[in-house]
Structures are given as C-alpha cells and as structure tokens.
Amino acid sequence: MSTLSVEMLAAAPAGPITSAGHAQLGIAVLVGIAVIVLLITRLKLHAFLSLTIGSLVLGAAAGAPMDKTIASFTAGLGSTVSGVGVLIALGAILGKLLADSGGADQIVDTILAKAGPRTMPWAIVLIAGVIGLPLFFEVGIVLLIPVVLLVAKRGNHSLMRIGIPALAGLSVMHGLVPPHPGPLAAIDAIGANLGVTLALGVLIAVPTAVVAGPLFSRVAARWVDIAPPEKLIPQRPSAELERRPGFGVTVATVMLPVVLMLAKALVDIVVDDPKNHVQRVTDVVGSPLIALLAAVLVGLFTLGRAAGFGRDRLAGTVEKSLAPIAGILLIVGAGGGFKQTLIDVGVGRMILDFSKDWSVSALLLAWLIAVGIRLATGSATVATISAAGLVAPLAEGMSTTHTALLVLAVGAGSLFFSHVNDAGFWMVKEYFGMDVGQTIKTWSLMETVISVFSLVLVLLLSLVL
C-alpha cells in the first residue's frame, strides 16, 4: 500500500487517488473517528483532547508525516477560532445580558399572559425559539425549565405537553440557526454565505419546531404522563431584580443581529453590485461581527441599564459570560483542526472520487455522515464540525443556496436521536424527573423528528431553489 503524505497530495491536486490510496484513507478516517468516539464515550475524555488525539491518529494512519499533520491541525484550529470564536463570545455576552437582566423572563411572562390552555404549547415553542436565538442550548434549558415546570403545575398541564415544545424550540435553533457554534463552524468549513444560511435556517426551523414541538408533544404526552417534580422547581433568574427591561425593547435587541444579517443577504441578492453604496453599507453592518457587536452594545443599555445595572454589574456580567464558553471554543477549534487534517490528507478528494458515481444526493450524504458521528459521539457540535469537514469538497460548484442547504443538512443530521452518550439527554432526564426509557420515548424521538423533518425540508427546498 502506498504512503500518502500531505506533500504528495499537494503535488497533484487534480489527479485521482489510486484504489490502494482510497483504501488507506478510508481506513485512516475510520480509525481516526473510532479513536475520537472511544475516547469520548468510553474513557470520558474531554472532546477537545479527543479531537486533538484523533486528528494525530488520522494523519499517522494516512501515512502523512507527523510534522505535517501537526501543522494541518494547528492551522485548522487557528482559522476556525479566528472565524467563529469572536462570534461565539459575542453571542455568549448577549445571552448572559438577556438572562441576568430579566429580559428572558420578561419575554416569557408577556407571552404566557396572552396564552390560554389550548395555545400554551404554541406559546412555549415561540418563547423557546426567540430565547434560543442568542442562547446556547444548555443555558436555554436552565432558563426555561422553571417556566415549564411552573406552567405545567399551575395550569394542570401534562409536563410533556409543555416541556417538549420548549425543548424543540431550543434544539432547532441550536442545530440549524447561526450564531450557534455548530452552524457557524459548518458555514466556515463549507464556505457558505452566513446570511443565506441564516434565512434558510429560520425558514426550515419554524415548521420543524411546530411539528417536533406542539404536534409531537400530543403523542409524547400519551406515551409518558408524569407530573412536574416538585423538588426541581428552582428560583427564576430575575426573582431578585427590582425592575426588568420591557418586552418590546428586549425582543428588538435579540432580533437586531438577525435583522442586520438578513438585510445584508437580501441586498446582496437584489442589488448584486459590489460598488453600490447601499450594498457596501449593508456588507459592513450586516457582517456577523458587526451585527452581534451592535446587539451587545445596544443590549448593555436596553437590557443591562434597564434592569438597573451599574458599570460594575455590567462588567461582571460580561466577564462571567465568557468563562463558560472556553470549553466550547476549544471543542470548535479542535473540530476545525480535525477538519483541516481530513482535507490535507486527501479525504475530501476521496469523497469526491467516490460520490461522483453515486446517485445519492450530496445533501443526503451530508446528513447520513452527520447522523453517524452524532450517534457515535453524542455531541451535536462534534458531529456538525466533523461532518462539515468531510463533505466540504462536495460544495465545489454548488450555488449559494445549495451550499447553505448543505450546511443545514449537516446540522439536521447532528440532531438525530440523542441517547445516553449525550449530556443533553441526562440534563433533560434529570430536570423532568424521567427514567431512561421515558427520556428515549420523548426527548430522543423528538430529536429524531427534528432531524428527519428538517432534512425533508432541505431536500424539498433544493428542488425549487
């Protein structure tokens, strides 16, 4: 079997890889992913370390010189963190401001005050969708669980009838809509347009959240009928605040970066003239960095100051928001390093060589790869980043919209059937007071509904766009 080094691959970028080379690369990919899976699931090693070790094993198994493998990994880590790290940090700051100021609670209380018993699941999924835009999934759960438990108890609702819509709204946003880490990393790896991906992601997320939330909750409530666990009803985050920001200004602040990025995407499509003054302005204000930075700066006043925060409290809020995302940044960065290693040893070209004779859609292939990694590792973020690196070569020659749909296909696959190797599985189980079987019947199946239904929408959109 011939040795495939980074230098050899770089010397002949357009030439085909031999069948022996395909075999070696295929084995190298399987070995690298297997090492990552075993380290995460069996040895409980942090995903950052697992991805780092898996990348080195991948390079060694592919026959690439170790110094070249290290260079590939560090280059991929650096480019990924530089591309999405600041955006993740800004998103974390905005989410912390929303939570600590009571803005999230204000959104919740306002919408629930207008919802009746029959419309309550729909109100909950709306709340989860709005709050889920700037917040990480785990933070969103912590914010919404008190609301879910209180509403279910006071309104005598089935816990699943209220809880599933909340989880669906948060999960859909986490997997499909930037600025969440997974979609951002996939956009960076595949080279998709962020504005177009955001627009299509929201378009797919809304009906998906409806189907997996209020509609599926009817079935889940029949399968698992449990009461809210009394001991798990915690204090709401804003219970000690004397005042909170208003509903309208809170929603406007949360939606500001989304509106700016969507405006940029719309102007790019309609105008399509780099010299046009309007397009030049929207290219700046609608860039992810400026859009999120603007939302954070506005939020310091509309959320922080409105809640009575002084300079010290605001500084403390910003500081506290950054510490929890260190692990996320490292995982995303290591995932970028793994992606770059895959590309540099020639896996991308191997996939192109194989897939050109297949009748399988590139979108379906991307979804299947993400599903496999999700089931193995339990991490939606790891699945998104790894799958995006594998399928990135398939985006060559694709239109802007189809490249965005490739990102969303990966995101959809990354949500498939959460089970016992996923931290989110155990978080949901404990908060809702369920056993493992009940969690699988509700949470795991809900994630599967999200994954499959969003894939169907991606494939349908690919036929008309």
Side-chain angles (χ1 to χ4, degrees), residues 1-40 43 45-84 185-186 188-191 330-356 365-366 369-370 372-373 376-377 379 381-396 410:
M1 184 176 295
S2 60
T3 299
L4 294 172
S5 71
V6 177
E7 292 171 328
M8 291 168 61
L9 289 168
I17 301 174
T18 65
S19 58
H22 278 147
Q24 181 175 359
L25 282 178
I27 293 172
V29 172
L30 293 176
V31 170
I33 292 177
V35 167
I36 293 171
V37 171
L38 290 174
L39 290 176
I40 292 175
L43 300 182
L45 197 64
H46 192 275
F48 167 69
L49 294 175
S50 301
L51 283 163
T52 302
I53 295 171
S55 299
L56 298 177
V57 170
L58 167 66
M66 186 54 64
D67 61 331
K68 301 295 184 182
T69 301
I70 294 171
S72 293
F73 176 79
T74 53
L77 186 150
S79 63
T80 300
V81 171
S82 67
V84 304
D188 182 68
I190 293 174
L330 288 173
I331 292 172
V332 170
F338 181 66
K339 176 263 298 184
Q340 192 61 45
T341 306
L342 286 168
I343 293 173
D344 287 351
V345 299
V347 173
R349 190 191 310 160
M350 180 189 73
I351 291 176
L352 286 177
D353 290 343
F354 275 128
S355 62
K356 67 182 180 183
L365 178 62
I369 292 173
I373 299 174
T377 65
S379 170
T381 302
V382 171
T384 300
I385 296 170
S386 300
L390 285 167
V391 303
L394 301 179
E396 185 177 350
V410 169

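All values reported here derive from a predicted model rather than from experimental measurement. All residue numbers in this chain count up from 1 along the given sequence.
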Does Leu45 form a side chain to side chain contact (heavy atoms under 4.5 Å, CB included) with Ile53? I'd like the steps, not just the answer. CA-CA 11 Å; Leu45 197 64; Ile53 295 171; 3.9 Å; yes
Tell me, do Phe338 and Ile33 make a side-chain contact under 4.5 Å, heavy atoms counted? yes
Can you find a heavy atom in the side chain of Leu39 that is under 4.5 Å from one in the side chain of Leu49? no
Measure across Ala366 and Val410 and return the closest heavy-atom pair with its distance rounded to 0.1 Å. CB-CG2, 3.8 Å
Which atoms form the tightest heavy-atom contact between Ala62 and Ala28, and what is the distance? N-CB, 3.6 Å
Nearest heavy-atom approach of Ser72 to Asp344 is OG-OD2, 2.6 Å
Would you compute the distance between atom NE2 of His46 and atom CG of Leu51 and round it to the nearest 0.5 angstrom? 10.0 Å
Could you pull out the closest heavy-atom pair between Ala334 and Leu77, with the gap in Å? N-CD1, 4.1 Å
Looking only at non-hydrogen atoms, find the nearest pair between Ala186 and Thr384 and report the distance. CB-CG2, 3.7 Å
Shortest non-hydrogen pair, Ala64 vs Thr69, comes out as CB-OG1, 3.7 Å
Are Phe73 and Leu58 close enough that some pair of their side-chain heavy atoms sits under 4.5 Å apart? no
For residues Ile70 and Leu56, determine if any side-chain heavy atom of one lies less than 4.5 Å from a side-chain heavy atom of the other. yes
dist Leu25:CG -> Leu30:CG (nearest 0.5 Å) comes out at 11.0 Å
